[in-house]
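Structure first, then comments.
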Amino acid sequence: MAAKTDWNPVLRAEFDKPYWRQLQEFVHTERSRNTVYPAHDEVFAALHLTPYESVKVMILGQDPYHGPGQAHGLCFSVRPGVTVPPSLENIQTELHKDLGVPVPSHGSLEHWARQGVLLLNATLTVRARRAGSHQRRGWETFTDEVIRAVSAKPETVVFILWGSYARRKKALIDTGRHAIIESAHPSPLSAPRGFFGSRPFSRANQALAAAGRDPVDWAIPDQP
């Protein structure tokens with residue numbers, strides 16, 4: 001992680017733990033033998049684009065996209081010009097129904113990240129075309145610590161937890177101080193069973209307003 005981010009002092013202790021060295025050795029070996037996503041310099045993009053001081057919403061994903069050109073370090077997001085994956089397409093549909101904003105022409109969520117929406121996957125790397133291939137190697141230990149650090153912030157943060165995996169992370173969050181919005185996952189199989197109609201974006205802004213915090217401009221401009 002680049003030294004310029006304010007996450008470094010928050011997470012520095014993790015870098016001296018045995019699991020971190022083993023994790024980095026594993027990822028290095030994987031990159032030497034296989035294609036791994038995202039690119040090395042994008043693994044920590046979520047932390048670089050959303051400083052610790054700025055976090056007011058956290059959306060938790062599970063695994064980076066494992067197709068060519070998809071993952072770029074933000075959960076659910078793809079760069080402009082990349083075909084929008086089905087889960088993200090459902091997120092865009094719900095955003096439109098919730099707030100009435102236009103469906104964007106691309107799948108980049110950097111507009112959210114730059115406003116304090118931390119878009120974090122629980123696992124930060126993946127082997128190409130092998131979903132879940134880097135799970136249980138140590139990334140979850142690190143990202144659990146990120147969740148705990150966000151929960152330790154004194155100001156209210158809205159945690160948006162989609163699907164059973166993300167919802168289990170609620171145990172790491174101080175639910176007495178922070179707002180939790182949870183529903184089914186936006187994947188095609190799950191979205192009709194509770195994601196559609198859950199209105200997470202308007203509810204997040206309502207929770208931020210109740211805490212005296214500025215809302216997120218969820219409308220994604222066509223030019224990111």
hydrophobic_cluster_shared for Val103 and Leu88, side chain cutoff 4.5 Å |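 In one cluster with Leu88: Val103, no.
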How close do [X] and [Y] get, counting heavy atoms only, and between which atoms?
X	Y	value
Pro215	Leu208	CA-CD1, 4.2 Å
Asn205	Val216	OD1-N, 2.9 Å
Tyr19	Gly138	CE1-O, 3.4 Å
Ser87	Ser187	OG-CA, 3.2 Å
Ala219	Pro221	O-CD, 3.5 Å
Ile220	His111	CA-CD2, 4.2 Å

List the atom pairs, with distances to 0.1 Å, where a side-chain N or O of residues 33-46 and a protein N or O form a donor-acceptor pair under 3.5 Å, not counting sequence neighbours.
| residue | atom | partner | partner atom | Å |
| --- | --- | --- | --- | --- |
| Asn34 | ND2 | Glu30 | OE2 | 3.4 |
| Glu42 | OE2 | Arg79 | NH2 | 2.1 |

To the nearest 0.5 Å, what is the distance between [atom1] ([X]) and [atom2] ([Y])?
X	Y	atom1	atom2	answer
Glu140	Ile147	CD	CD1	10.5 Å
His185	Arg193	NE2	CZ	12.0 Å
Cys75	Leu120	SG	CG	7.0 Å
Phe196	Ser198	CZ	OG	9.5 Å
Arg203	Ile181	CZ	CD1	5.0 Å
Ile180	Ile160	CD1	CD1	10.5 Å

Mind checking whether [X] and [Y] have side chains closer than 4.5 Å, heavy atoms only?
X	Y	answer
Arg177	Val157	no
Leu124	Pro64	no
His134	Phe26	yes
Lys153	Val55	yes
Gln70	Val78	yes
Trp218	Gln115	no
Tyr65	Pro85	yes

Does atom CZ of Arg130 have more than 12 heavy-atom neighbours, drawn from other residues, nucleotides or ligands, at distances under 6.0 Å?
-> no
Partners passing side chain to side chain contact (heavy atoms under 4.5 Å, CB included) against His66 (at least two apart in sequence or in another chain) =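 By the side chain to side chain contact (heavy atoms under 4.5 Å, CB included) rule, His66 matches Val126, Arg129, Ala131.
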Inter- and intrachain pairs under side-chain hydrogen bond (donor to acceptor under 3.5 Å, both in side chains), touching residues 88-99, at least two apart = Asp98-Arg199, Asp98-Ser202
With sequence neighbours excluded, give me every side-chain hydrogen bond (donor to acceptor under 3.5 Å, both in side chains) pair touching residues 154-167.
-> Arg167-Glu182
Any salt bridge (Lys or Arg N to Asp or Glu O under 4.0 Å) pairs touching residues 69-78, not counting sequence neighbours?
-> none
Only pairs at least two apart or in different chains count here, so list each salt bridge (Lys or Arg N to Asp or Glu O under 4.0 Å) that has a residue in residues 57-68.
-> none
side-chain hydrogen bond (donor to acceptor under 3.5 Å, both in side chains) with Trp139: which of Asp144, Thr123, Asn121, Thr125?
->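 That would be Thr125.
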Look at the side chain of [X] and the backbone N and O of [Y], then say whether any donor-acceptor pair between them is shorter than 3.5 Å.
X	Y	answer
Ser151	Arg148	no
Ser133	Arg127	yes
Trp7	Leu47	yes
Asp222	Pro104	no
Thr143	Ala122	yes
Lys170	Phe159	no

Step by step, would you call Met58 with Val117 a side-chain contact (heavy atoms from CB on, under 4.5 Å)?
-> CA-CA 6 Å; Met58 182 174 187; Val117 180; over 6 Å; no
Quick one: are the ring centres of Phe201 and Trp112 less than 6.0 Å apart?
-> yes
Would you please test Val146 and Tyr52 for side-chain contact (heavy atoms from CB on, under 4.5 Å) and show each step?
-> CA-CA 9 Å; Val146 174; Tyr52 180 70; over 6 Å; no
Step by step, work out the side-chain contact (heavy atoms from CB on, under 4.5 Å) result for Ile59 and Leu118.
-> CA-CA 6 Å; Ile59 298 177; Leu118 181 61; over 6 Å; no
Carboxylate-amine/guanidinium contact Arg114 Glu110, below 4.0 Å = yes
When you look at Phe76 and Leu119, which way does the side-chain contact (heavy atoms from CB on, under 4.5 Å) test go after all the steps?
-> CA-CA 8 Å; Phe76 296 107; Leu119 298 164; 5.8 Å; no
